[in-house]
J.: 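One structure, pasted below without further comment.
The structure displayed is predicted, hence computed values, not measured ones.
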Amino acid sequence: MMNELDLGFDEQDRGDKGKHRRGRRKDGGSGSGRGKTVLALLLAVVLLGSIGGGAFYSFDRIQNYFVTPDFDGAGTEDVTVQIPQGAFLADMAVVLRDAGVIKSTKAFLEAAEDNSRSRNVQPGTYKLRKEMSGENALNAMLDPQSRIVDGVTIPEGRTAKSIYELLSEHTDIPVKEFEAAAKDPETLGVPDWWFTRDDGKKVKKSIEGFLYPDTYEIPPDATAEAILGQMVDHFLTVTGELEFADRVQEERGGISPYEALIVASLAQAEAGTKKDLGKVARVAYNRVYSQTFPCGCLEMDVTVNYYFEMTGQEGKTSGQMTESDLDNPKNPYNRKLRGMVPTPINNPGREALEGAMDPPAGDWLFFVAIDKEGNSAFTKDYDQHLRNIQKAREAGVL
């Protein structure tokens, strides 16, 4: 789920990584590679013997070359190891070596090559031991009892403030620590270029939008910074897989990736069904950028409710909102202000990102949910929109 990490491979590690990335042996073989290694070592010993007794000073160096450095047995003291999302077996080997679990990446990878079940090793948090043999480390990771499962699910469309509260309940880390960690999104891994706008509006750097919704395993000793950083890293992985930034810049015509991220958050908040995410995104683009909507504003109540949440006020339904709520000059998320709002208003999921990146063609300017299943009717004509609103009332939606 996360980007493949650069974990400091040495040249041997890089060779192992390329060799083992694409899969394991399927025959569960008994390790013919080790047999060849022993044979080569014996031949080296014979050769040194024929040269002369003095040449045996090189034996240890030759042995280390041919014999895989490995610990013996099941290990010593306990250690908790976090295997990141998206890690290949070679990546896992580096993490285990750096944690002192195994002596060499080669020991782990050779054990993996000899065990067809090695492909079942999953990212997550493991309770292992230091100084384990490569084979014992692999077997421990295949044992469900070694896995520390402490998952928390972040739903799509949650605001950062709501996510802090959810994470605090799960981890007992105070909300204020998450708030403090999020003050500088770049320290959590958000690249500076993400905070670029092409609409001339001042950039407000916020973590909102970059906390990717998914299920995360939280290590027992995790900090607020580490948890939020994990979510940011996952966001970067997903948007990278989608080629989100490149496609927005190439296909959306003068709209920056950050503005498209804002649109994704609007679609996540407004769409009643997943199939309508792209259409809602198209409406947002049409209202703000197409010069066909008189005010050039969003006129979406969800931006007002976001302001309410950020300022500690209770949210309201559209029917409960007053004129002063809808058009408050002090509200930077005022639905009547021209242009796009300052930041995303929640943290959108993959399908909302896809909808904002590649919305369906359409000249729609209005939409309203017309049934209790969340399906919306879209139109460019205001009179038709009024008829759709009446349809929604008759269906008991409004």
Side-chain angles (χ1 to χ4, degrees), residues 1-38 64-76 78-151 214-219 226 230 233-234 236-238 240-241:
M1 287 168 66
M2 300 176 77
N3 276 337
E4 181 185 339
L5 303 180
D6 182 4
L7 297 170
F9 299 101
D10 54 30
E11 289 306 311
Q12 178 64 50
D13 295 331
R14 293 185 188 279
D16 288 340
K17 183 175 179 180
K19 178 180 179 181
H20 290 273
R21 173 173 290 182
R22 294 188 179 179
R24 308 279 73 78
R25 284 169 53 187
K26 297 182 180 180
D27 57 3
S30 59
S32 60
R34 289 199 184 94
K36 293 177 181 178
T37 297
V38 173
N64 287 337
Y65 180 81
F66 286 108
V67 178
T68 299
D70 200 2
F71 292 123
D72 290 325
T76 57
D78 290 341
V79 62
T80 300
V81 178
Q82 174 74 21
I83 302 297
Q85 295 288 340
F88 294 96
L89 282 169
D91 303 320
M92 297 179 189
V94 173
V95 174
L96 294 174
R97 183 201 61 194
D98 291 349
V101 175
I102 57 174
K103 193 168 188 178
S104 68
T105 58
K106 190 176 180 183
F108 181 79
L109 292 173
E110 284 186 352
E113 188 169 2
D114 290 342
N115 190 332
S116 61
R117 294 178 57 232
S118 63
R119 72 194 69 183
N120 297 327
V121 177
Q122 298 294 316
T125 305
Y126 291 86
K127 184 178 180 180
L128 302 172
R129 292 174 181 266
K130 289 192 174 183
E131 299 186 6
M132 302 179 78
S133 69
E135 183 178 3
N136 280 324
L138 176 67
N139 289 336
M141 295 179 74
L142 289 168
D143 182 355
Q145 296 299 316
S146 300
R147 185 89 176 266
I148 301 173
V149 180
D150 188 22
D214 207 335
T215 298
Y216 295 88
E217 286 189 10
I218 309 297
Q230 183 182 6
D233 191 51
H234 194 15
L236 296 175
T237 297
V238 172
E241 291 171 351

J.: Just verifying a value: how many Å separate Leu138 CG and Asp114 CG, rounded to the nearest 0.5 Å?
T.: 9.5 Å
J.: What closest approach, in Å, do Thr125 and Glu217 show between heavy atoms, and which atom pair accounts for it?
T.: N-OE1, 3.2 Å
J.: In Å and rounded to the nearest 0.5 Å, what is the OH to CG distance from Tyr126 to Asp143?
T.: 10.5 Å
J.: How long is the gap from CD1 on Ile83 to CE on Met92, to the nearest 0.5 Å?
T.: 6.0 Å
J.: Without swapping roles, check the side chain of Asp78 against the backbone of Lys127 for a donor-acceptor pair under 3.5 Å.
T.: no
J.: What is the minimum heavy-atom distance between Val81 and Ala99, and which atoms define it?
T.: CG2-CB, 4.0 Å
J.: For a quick test of reading the model, state the closest non-hydrogen atom pair linking His234 to Asp214 and the distance between them.
T.: NE2-OD2, 2.9 Å
J.: Do you know the tightest heavy-atom contact between Ser104 and Pro69?
T.: OG-O, 2.6 Å
J.: Could you tell me if Ser133 and Asn136 have a donor-acceptor pair between their side chains, going purely by distance under 3.5 Å?
T.: yes
J.: Could you grab the distance from atom CD of Glu241 to atom CG of Leu236, nearest 0.5 Å is fine?
T.: 11.0 Å
J.: How about Asp72: does its CG atom have over 12 heavy atoms from other parts shown lying under 6.0 Å from it?
T.: no
J.: May I have the step-by-step check of side chain to side chain contact (heavy atoms under 4.5 Å, CB included) for Asn115 and Leu142, ending in yes or no?
T.: CA-CA 11 Å; Asn115 190 332; Leu142 289 168; 3.8 Å; yes
J.: List in chain and number order the residues that pass side chain to side chain donor-acceptor pair (under 3.5 Å) with Glu131, two or more places apart in sequence or in another chain; answer none if no residue qualifies.
T.: none
J.: For the atom pair CD (Glu110) and OG1 (Thr105), what is the distance rounded to the nearest 0.5 Å?
T.: 9.5 Å
J.: To the closest 0.5 Å, what do you measure between CZ (Phe108) and CE (Met141)?
T.: 5.0 Å
J.: Hey, is the main chain of Ile102 close enough, under 3.5 Å, to the side chain of Arg97 for a donor-acceptor pair?
T.: no
J.: Using modelled atom types and a 3.5 Å cut-off, is there a donor and acceptor pairing between side-chain atoms of Thr68 and backbone atoms of Ala107?
T.: no
J.: Could you tell me which non-hydrogen atom of Leu128 sits nearest to which non-hydrogen atom of Ala140, and how far apart they are?
T.: CD2-CB, 3.6 Å
J.: Tell me the closest heavy-atom pair linking Gln82 and Val95, and the distance in Å.
T.: O-CG1, 3.7 Å
